[in-house]
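Note sheet for the following structure.
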2 protein chains.
Amino acid sequence: MDHAIHGRPYEQTNDGPRFRPCAPHGVLARLGDKWTILVMSHLAIATGHRLRFSELKHGIDGITQRMLTLTLRNLERDGLLNRHYFPEVPPRVEYELTAMGASMLPALEGFTSWIRDNWPHMEECRQAFDAAKIKHG
Amino acid sequence: MDHAIHGRPYEQTNDGPRFRPCAPHGVLARLGDKWTILVMSHLAIATGHRLRFSELKHGIDGITQRMLTLTLRNLERDGLLNRHYFPEVPPRVEYELTAMGASMLPALEGFTSWIRDNWPHMEECRQAFDAAKIKHG
DNA sequence: CGGAATCCCAATGGATACTG
DNA sequence: CAGTATCCATTGGGATTCCG
């Protein structure tokens with residue numbers, strides 16, 4: 001591959017650059033689902049980057065047991081967090097960011113800080129766009 | 001709001017922080033769909049951050065006319081690009097990043113560079129996880 | 001050329017009930 | 001407590017056809 005932008009290698013063709021399928025969309029799509037960012041954010045600010053299942057469940061408003069489990073399984077599969085099971089009665093399970101999971105936080109923070117700065121303007125743009133669409137059909 | 005992390009304000013409750021619904025997930029979910037990042041990436045490296053519909057269509061492998069149109073409409077609605085229509089025969093339409101759209105590129109680049117660095121390790125983790133799951137049920 | 005409209009299928013994710 | 005299993009409504013997105 002000659003070049004890469006946004007993590008995606010691309011080749012120059014006669015009608016412009018053509019990207020080849022690879023990571024960024026895949027990961028962004030994973031992180032962009034309904035709950036993943038919230039789970040990561042909670043672990044980010046937790047002491048030791050570690051929380052138990054019920055703490056996540058109570059902290060994330062509206063999440064169901066099923067979706068929290070699925071989200072945690074995916075993050076565990078990606079190597080972004082570890083699952084610690086304590087076979088007590090009743091059982092206790094803690095989730096902890098891995099080194100890779102923690103290393104993602106600055107990049108995520110950089111991106112979300114842009115979002116925080118530009119969100120109000122985006123909202124204005126959306127309302128203006130919708131208003132214009134209604135106005136002239 | 002007392003605190004904010006990853007662009008999301010949160011309140012401290014007796015059982016940990018509770019985030020309130022707001023921007024980051026929404027934007028990440030939008031950018032994390034199947035084609036948005038590819039469109040942004042193409043405009044990022046285009047001269048003048050500007051390309052016509054057919055250039056995007058040919059550059060992005062596998063995208064359908066419908067999905068390219070929808071993706072561009074959403075980005076336009078968000079104020080991240082502008083649509084320039086030239087009423088010639090045949091018609092020509094160009095899409096150009098706005099100032100806000102261009103301002104997103106460094107943050108996106110920061111995030112995707114993390115992805116590029118960690119993608120191989122993530123793939124390893126996934127294969128190890130899947131292999132372990134098959135092994136012991 | 002650059003769409004819009006329609007049809008259809010697969011995936012996402014919510015609600016609920018059950019379990020070690 | 002921390003799941004798993006099942007059912008079901010909604011959405012995402014591909015294929016195709018038609019239009020200015």
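Just so it is clear: chains get the letters A, B, ... in the order the sequence lines come, proteins before strands, and each one is counted from 1. Computed over heavy atoms, backbone and side chain alike; hydrogens, waters and symmetry mates excluded.
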Can you tell me how far C1' of D:dA2 sits from OH of A:Tyr95, to the nearest Å? 7 Å
Going 5' to 3' on DNA chain C, which nucleotide is the first and which the last to come under 4.0 Å of a heavy atom in chain A? C:dG13 to C:dG20
Once side-chain hydrogen bond (donor to acceptor under 3.5 Å, both in side chains) is applied, do any residues pair with A:Asp130, and if so which ones, sequence neighbours excluded? B:Arg77
Can you tell me which residue pairs pass the salt bridge (Lys or Arg N to Asp or Glu O under 4.0 Å) test with a partner in residues 37-52 of chain A, sequence neighbours excluded? A:Arg50-A:Glu94, A:Arg50-A:Glu96
Compute the angle between the rotation axes at the two ends of the helix from C:dC1-D:dG20 to C:dG20-D:dC1, each taken over five pairs, rounded to 10 degrees. 40°
Heavy-atom distance under 4.5 Å between the side chains of A:Phe86 and A:Pro91, does that happen here? no
Qualifying residues under side chain to side chain contact (heavy atoms under 4.5 Å, CB included), relative to A:Ala46, sequence neighbours excluded: A:Leu51
Suppose we screen for side chain to side chain contact (heavy atoms under 4.5 Å, CB included). Which residues come up paired with B:Ala107, at least two apart in sequence or across chains? A:Phe111, A:Trp114
Could you work out, with side chain to side chain contact (heavy atoms under 4.5 Å, CB included) as the rule, every residue matching A:Asp33, not counting sequence neighbours? A:Thr36
Measure across A:Leu97 and A:Leu105 and return the closest heavy-atom pair with its distance rounded to 0.1 Å. CD1-CD1, 3.9 Å
What does the B/S/- profile of nucleotides 12-20 of chain D look like, 5' to 3', with a 4.0 Å heavy-atom cutoff to protein? -BBB----B
Looking at B:Ile115, is its backbone amide N or carbonyl O close enough to the side chain of B:Thr112 to form a donor-acceptor pair, meaning the two atoms are under 3.5 Å apart? no
Residues of residues 77-90 of chain B with a heavy atom under 4.0 Å from any atom of DNA chain C, listed by number, are B:Arg83, B:Pro90
Are OP1 or OP2 of D:dA2 and a side-chain N or O of A:Thr69 less than 4.0 angstrom apart? no
Linking I/L/V/M/F/W/Y whenever any side-chain heavy atoms sit under 4.5 Å apart, do B:Phe129 and A:Leu31 land together? no
Can you name the residues that form a side-chain hydrogen bond (donor to acceptor under 3.5 Å, both in side chains) with B:Trp35, not counting sequence neighbours? none
Going by heavy atoms in the side chains, are A:Val39 and A:Leu75 under 4.5 Å from each other? yes
Non-neighbouring partners of B:Glu123 that pass side chain to side chain contact (heavy atoms under 4.5 Å, CB included), sequence neighbours left out: B:Trp119, B:Arg126, B:Gln127
Tell me: CG of A:Leu68 to C1' of D:dC1, nearest whole Å? 12 Å
My understanding is that only residues two or more places apart in sequence, or in another chain, count here; which of them pass side-chain hydrogen bond (donor to acceptor under 3.5 Å, both in side chains) with A:Asn82? none
